[in-house]
Amino acid sequence: MTRPAAGPATGVRGDSADPDARTTSNRSTRMATIASARPTGSRRATFARKGWSTPVLGAVGVLAIIAIWELSSRLGLVDPSYLPPFSTVIVEVVDLLVGQRSGEFWAALGMTMYGWSVGLVISLALGIVIGVLIGSNRWVREYTNSTIEFLRPIPSVGLIPIAIVIFGVRPAATIAVVVWACFWVILIHVIAGVADVDPVADATARSYGLKSFRRAGHVVWPTVLPYLMTGLRLCGTIALVVAITIEIVVQAPGIGAMIATYQSAANVTVVYALALLTGVLGLAINLLMRLLENSVLAWHPSVRAEVEK
Amino acid sequence: MKALKALSAALALPILIVIVWWLGTMNETNPFVPKPGQMLNDLFTVWVGPLMAEQVVPSLYRLGVGLGAAIIVGITLGLLIGASRLARALTGPAFEFIRAVPPPVLLPVLLLILGIDDRSKIFLIFLGCLWPILLNTIDGVRSVDSVLADTTSTYGMQGWARFRWFVFPAALPRIMTGIRLALPIAIILMVVSEMYAALDGLGYRIMLFKQTFQMGPMWAGILIIGLIGILMAGLFRLVERRVLAWYYGQREMEKQ
Amino acid sequence: MSTDVTGTTPKGEVLLSVQGVQKVYSTPTGPVEAVRDLTFDLGKGEFACLVGPSGSGKTTLLKVISGLMPATSGRVVLDGKTIDGPPRGMALVFQEYGRSLYPWMRVAENVVLPLRAAGVPKAERRARVDEALEQVGLAHVPKSYPWQLSGGMQQRVAIARAIAYRPEVLLMDEPFAAVDAQTRADLEDLVRKVWKELGITVLFVTHDIDESVYLGERVIILSSSPTIILEDLRIDLPAERDQLETRSMPEFVEQRHHVYEQIQKAKRGYNADTASMSAVAASGV
């Protein structure tokens with residue numbers, strides 16, 4: 001069975017691709033130990049124990065990397081035409097956001113986000129419908145498993161030439177590849193969620209005479225939702241990476257195409273500035289998806305407890 | 001009987017799909033629509049032979065070197081950083097940001113610095129694969145069981161012995177998760193870097209076929225990418241089941 | 001303020017000495033005193049039980065004694081040397097057997113690992129592992145993984161690992177709290193047997209009053225947090241103990257009753273400051 005526990009080989013990071021209850025419980029105990037293992041009379045005083053909190057240390061780390069970047073470029077350790085100083089890049093970032101190039105940047109961002117959102121919505125709709133159809137019947141699950149497992153690892157970028165042949169260098173091509181990349185992730189999470197519906201709860205609902213659509217609302221949907229939200233969160237990042245990749249490779253309009261253009265114009269500063277901005281965009285999307293996940297699942301406190309167990 | 005049933009479940013749908021595809025495209029004359037028979041034919045007549053050695057082998061070489069380096073560096077760095085609270089706190093937000101930058105964005109820059117040859121592609125694959133492996137290793141080390149950690153301490157195991165016998169195996173499930181996530185990234189970056197700018201390679205050749213409107217060979221090339229992806233996923237699963245036999249066994253027991 | 005009330009002075013030479021140990025945790029809401037000024041000595045070859053209500057700082061105390069955690073003040077001395085990290089001469093058996101064995105190693109590998117890390121020669125390693133597994137009655141499963149075994153058997157593996165390590169002091173932190181009653185009785189007798197055969201020193205922490213009286217030659221009763229010693233009691237039971245016979249002896253019932261009363265007092269929220277005085281009084285009994 002394709003359960004997320006066995007690993008949907010997709011997200012950029014495995015945080016929830018491996019929802020392992022044991023790990024979670026271990027972590028909470030470990031947290032407790034760390035919290036309590038801070039004796040007042042400790043012999044080994046480290047930074048952290050001198051009251052340097054984690055956020056402060058994190059900021060120190062970021063500043064250190066920026067300083068290394070700036071200095072290595074300024075002192076000529078790295079050829080500045082390959083790696084312009086951070087300060088120069090930041091000026092360019094500001095220029096992209098509010099200055100001369102802002103029109104070009106925001107238009108490109110709009111195109112990228114258009115491909116991202118439409119692709120995500122389509123894969124979500126397809127994934128939910130097909131996932132529920134497949135997941136709700138054990139027999140169907142068994143007979144589709146091999147096909148899904150076979151098609152899932154096919155790299156999305158392999159489809160770029162096909163998408164171009166069919167749709168041309170237009171947003172539709174981007175959307176098509178994004179859908180391919182995200183659909184499988186949503187699909188296996190939905191299937192796993194539907195398969196996870198507690199047979200006892202389902203039987204109870206049946207015995208109380210709940211009609212099947214009401215049963216779906218009361219029993220199936222709350223179980224599937226956490227799985228779906230995990231899949232959606234993973235897809236937020238995947239869709240962004242795929243969209244920008246296609247834009248870079250085939251110059252489909254968007255941030256990626258803008259990066260490729262400035263690279264061929266040998267304007268490295270803008271390339272770095274755009275790379276930084278895509279990082280910020282990636283972080284923002286990740287944060288947004290987490291907020292969405294938390295707020296959606298907060299409506300189902302019982303479900304939430306179940307997932308965290 | 002049971003094995004037969006499982007086999008039929010695994011094969012029924014794929015066979016059905018191929019038959020429908022084959023029948024549906026039998027009288028198709030549009031050159032853009034792929035036919036299964038034609039695709040297989042092109043796979044063997046165009047790709048198998050010298051083209052395989054000239055275009056596919058260099059791709060796989062880049063993939064192997066980049067991914068291998070990412071695994072070695074990712075695990076080593078991850079074990080070191082994960083073991084130190086200070087290092088974790090210092091690197092946390094910085095890594096979180098770097099990870100959020102889609103790796104293909106670096107392609108133009110790397111091309112500029114390292115040139116069009118193997119080095120820029122290998123380095124891109126390395127960078128793209130490093131983060132999932134590194135971050136999962138750090139997480140794996142960080143979340144080792146506290147009782148087991150105390151046990152290891154009471155038996156006087158420190159330094160290398162502690163890493164070898166305790167930290168590494170305890171983090172291995174997460175390390176494997178990281179590698180599993182890195183596999184598709186490696187293939188994607190291999191193909192993308194070759195499609196973007198290259199002198200040889202699978203992605204380069206597929207784009208060439210597309211530009212010269214040789215649809216059959218293009219489809220066959222895409223099939224090869226798919227086959228590489230499926231083969232690597234299957235191979236990885238075999239290795240994982242072997243290396244983590246204890247982990248899956250334990251989880252089975254806990255479920256019961 | 002000191003609580004050096006030793007109702008029983010250890011026979012023979014002192015092996016482990018806990019001297020004025022105090023443990024204060026710093027928490028976000030301010031310091032919390034888990035253990036307050038604890039002092040007792042453990043003689044060579046003694047079997048002592050630390051018993052106290054749950055929530056008393058028993059586990060904390062054991063972590064300090066085993067060198068896993070530094071004390072806020074005071075010190076622990078093993079064989080004349082002050083401990084500042086896990087010492088070679090101690091082994092600790094945890095309550096969470098499922099989390100104290102390495103799940104990626106087979107039973108024999110789990111038992112042999114500390115010896116391997118300590119550089120014991122191969123032939124001797126083998127002999128010691130075989131012997132230890134024999135002693136805990138697990139000679140037949142060296143190739144199994146721990147998670148394939150029942151809880152009781154897993155705890156036997158942990159005990160085998162501890163005795164193969166040949167510690168001077170065996171520390172046990174509520175080792176049988178998570179196993180069923182029948183298994184628990186078997187394991188209690190196993191620990192007694194091992195203690196007698198090997199002549200090692202055992203410090204056994206438990207919240208179970210019956211268990212402490214049944215197992216120990218000596219029972220140290222602890223208060224709830226912050227922990228102090230309420231009473232240090234010598235158990236006058238024959239060396240040969242039997243689950244049925246011993247537990248029905250009048251001496252057993254009497255001492256069990258006494259410990260029970262002390263624990264009840266501790267539970268009722270004993271003020272640590274006045275408790276030490278009543279402990280002095282109790283020691284006079």
Side-chain angles (χ1 to χ4, degrees), chain B residues 75 78-79 82-85 89 136-137 139-179 238-256, chain C residues 59 62-69 83 85-107 109-120 144-151 154 157-158 161-162 164-167 169-175 178:
Chain B
I75 294 176
L79 288 176
S84 151
R85 221 153 55 119
N136 272 289
T137 307
D139 259 13
V141 173
R142 202 188 54 146
S143 53
V144 293
D145 193 288
S146 57
V147 174
L148 216 46
D150 280 349
T151 304
T152 311
S153 298
T154 54
Y155 286 115
M157 282 183 266
Q158 294 167 331
W160 173 239
R162 191 181 175 86
F163 268 101
R164 182 178 170 198
W165 302 116
F166 168 55
V167 178
F168 178 70
L172 199 56
R174 287 302 297 271
I175 293 175
M176 292 309 273
T177 302
I179 296 176
L238 276 182
V239 174
E240 191 190 32
R241 285 279 152 184
R242 218 187 142 79
V243 174
L244 292 182
W246 61 270
Y247 178 71
Y248 290 109
Q250 190 185 25
R251 286 190 19 169
E252 271 313 301
M253 294 297 280
E254 273 168 13
K255 265 185 220 156
Q256 287 161 17
Chain C
T59 297
L62 213 56
K63 282 198 168 171
V64 171
I65 294 176
S66 61
L68 287 171
M69 235 187 227
I83 285 171
R88 171 63 186 84
M90 274 188 198
L92 178 52
V93 174
F94 293 86
Q95 173 185 338
E96 302 95 333
Y97 49 80
R99 290 168 56 197
S100 74
L101 298 171
Y102 301 99
W104 50 85
M105 291 180 184
R106 294 166 196 279
V107 165
E109 291 168 331
N110 260 289
V111 178
V112 83
L113 181 62
L115 308 180
R116 222 163 144 176
V120 176
S144 299
Y145 282 101
W147 37 267
Q148 292 172 321
L149 307 177
S150 67
Q154 289 183 38
V157 177
R161 179 171 62 185
Y165 192 58
R166 304 258 164 96
V169 181
L170 177 59
L171 305 173
M172 306 188 92
D173 184 10
E174 307 218 18

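If you're wondering where the values come from, they're calculated on a predicted model, not measured in any experiment. We name chains A, B, ... by the order of the sequence lines, and we start the count at 1 in each one.
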Examine whether an atom of [X] lies under 4.5 Å from a heavy atom of chain B, and if so say whether it belongs to the side chain, the backbone or both; otherwise answer neither.
X: C:A162; result: both
X: C:P87; result: backbone
X: C:L115; result: neither

Does a side-chain heavy-atom distance below 4.5 Å link [X] with [Y]?
X: C:P146; Y: B:Q250; answer: no
X: C:R161; Y: B:Y155; answer: yes
X: C:P114; Y: B:T154; answer: no
X: B:M157; Y: C:L113; answer: yes
X: C:W104; Y: B:L172; answer: no

Residues C:S100 and B:V147: closest non-hydrogen pair is CB-CG1, 3.8 Å
What heavy-atom pair brings B:M253 and C:Q148 nearest, and what distance separates the two atoms? CE-CA, 3.9 Å
Among C:R116, C:M90, C:R88, who wins on heavy-atom pairs under 4.5 Å with chain B? C:R116
How long is the straight-line distance from [atom2] of [Y] back to [atom1] of [X], given to the nearest 0.5 Å?
X: C:M105; Y: B:F166; atom1: CE; atom2: CZ; result: 10.5 Å
X: C:W147; Y: B:E252; atom1: CH2; atom2: CD; result: 9.5 Å
X: C:M69; Y: B:D150; atom1: CE; atom2: CG; result: 8.0 Å

Donor-acceptor pairs under 3.5 angstrom involving side-chain atoms of residues 158-165 of chain B: please list them, not counting sequence neighbours.
| from | atom 1 | to | atom 2 | distance (Å) |
| --- | --- | --- | --- | --- |
| B:R162 | NH1 | B:S153 | OG | 3.2 |

Tell me, side chain or backbone of B:A170 under 4.5 Å from chain C's heavy atoms, or both, or neither? both
C:Y102/B:T151 under side-chain hydrogen bond (donor to acceptor under 3.5 Å, both in side chains): CA gap, chis, key distance, verdict: CA-CA 9 Å; C:Y102 301 99; B:T151 304; 6.0 Å; no
